[in-house]
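Chain naming here is simple, since letters A, B, ... match the order of the sequence lines and numbering starts at 1 in each.
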Amino acid sequence: MYEDILVPTDGSTGASAALAEAIELAAQFDATVHSLYVVDVASVGAEAGTVDLIESFEQMGEDATEAAATRARDADVEATGSVATGSPHRAILDYVDDQGIDLVVMGTHGRTGLERYLLGSVTEKVVRTADVPVLTVRADEEGGAESDEAADGDAGDEPT
Amino acid sequence: MRFAVAIDGSAESDRALDHAVAMATAAGAALTAVHSVDPDVYDTGGAEPPADRTGYDDRLVVESVDDAERRGERLLDDAVERSNERAGETGIDVDAELLYGDPVRTIPDFATAEGYDGVFVGHRGLSEAHERVLGSVAKGIVERSALPVTVVR
């Protein structure tokens, strides 16, 4: 079903929830988890000290993707980590093409207002432009959005 | 495990269905085809916008709920049939659910309340500008849903 699953990471809780889902799927289908961190060069700007700044972002990316790969390997799932530079959604789409990815898993944030709009913009762009299926996973916020939702509904059947 | 797939009769929704069937078959999960009855408004055409209210009455046709309901039932029947064909010998436990209202609300609410494990939805590749005007059911479902949503192009 899925052989190569890409989880872009930015070290956020949304990315962590997405990674958990990706590892679960990869374990089920014996797939490889690809963790990717993109250094958004445009957001760094082009001023004095930029090179140092980019290097420190790259280091952060190395750490984040290595942590993700370790988490996957701990679950007996094959994993790789890499760091790219550029515009995040372009770098993600390029990686999908280059590595023959067949599923992208990404986090989404809260459901209200400006936060959703700002923080979900990379996910939103990837959902709109990727040729492969994109699985979106809601991050558990403080208090837990999912338990709120479950309490709203009229209970229904237990998930099986 | 149980998955829900949003059905609207488009080519994208067929692809989402095929993907959901493959996924459900591989995972040994049950699948529910879901369609939300949401009557369409048609403009019967003309180069200029209508000049007055009467003009709008003449040109805009609102689909009756009965028609929309029949269309939905037919789409779901087709979806169930297609699922069974595609699942082949492995077989798949598939059923259908007709909802009423804006799919962006009804489908995530249904899937959450009924304890589904994931939702599949098709997405037409609209441009950003297009989408800002027309909106996107797929995006709406992603934003509203607390469940994992797989968007299939």
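- Counting non-hydrogen atoms of other residues, nucleotides and ligands closer than 6.0 Å to CG of B:Asn84 gives a total above 12.
- In the hydrophobic clustering of ILVMFWY residues, with side-chain heavy atoms under 4.5 Å counting as a link, B:Val152 and B:Ile92 come out apart.
- Contact annotation: the side chain of B:His19 approaches that of A:Pro133 to within less than 4.5 Å [non-hydrogen atoms, C-beta and beyond].
- Using a 4.5 Å cut-off between heavy atoms, A:Ala18 does not touch chain B at all.
- Residues B:Val142 and A:Thr108 form a side-chain contact, since some pair of their non-hydrogen atoms from C-beta on lies under 4.5 Å apart.
- For A:Glu78, the CD atom sits in a loose shell: 12 or fewer heavy atoms of surrounding residues, nucleotides or ligands are nearer than 6.0 Å.
- Contacts between B:Ala27 and chain A at a heavy-atom distance below 4.5 Å involve backbone atoms as well as side-chain atoms.
- Residue A:Arg73 places its CZ atom among more than 12 non-hydrogen atoms of other residues, nucleotides or ligands, all under 6.0 Å distant.
- Looking only at distances, a side-chain donor or acceptor of A:Thr136 sits under 3.5 Å from a matching main-chain atom of B:Val149.
- When the shell of 6.0 Å around CZ of B:Arg82 is examined, it contains more than 12 heavy atoms from other residues, nucleotides or ligands.
- When side chains are defined from C-beta on, A:Leu25 counts as touching B:Met23, because their heavy atoms get closer than 4.5 Å.
- Inter-residue side-chain proximity for A:Arg138 and B:Glu143 is flagged as unmet; no heavy-atom pair is nearer than 4.5 Å.
- For a residue to count as touching a neighbouring chain, one of its non-hydrogen atoms must lie under 4.5 Å from one of that chain's; by this rule B:Ser145 touches chain A with the backbone only.
- Counting non-hydrogen atoms of neighbouring residues, nucleotides and ligands closer than 6.0 angstrom, the CD atom of A:Glu3 reaches no more than 12 such neighbours.
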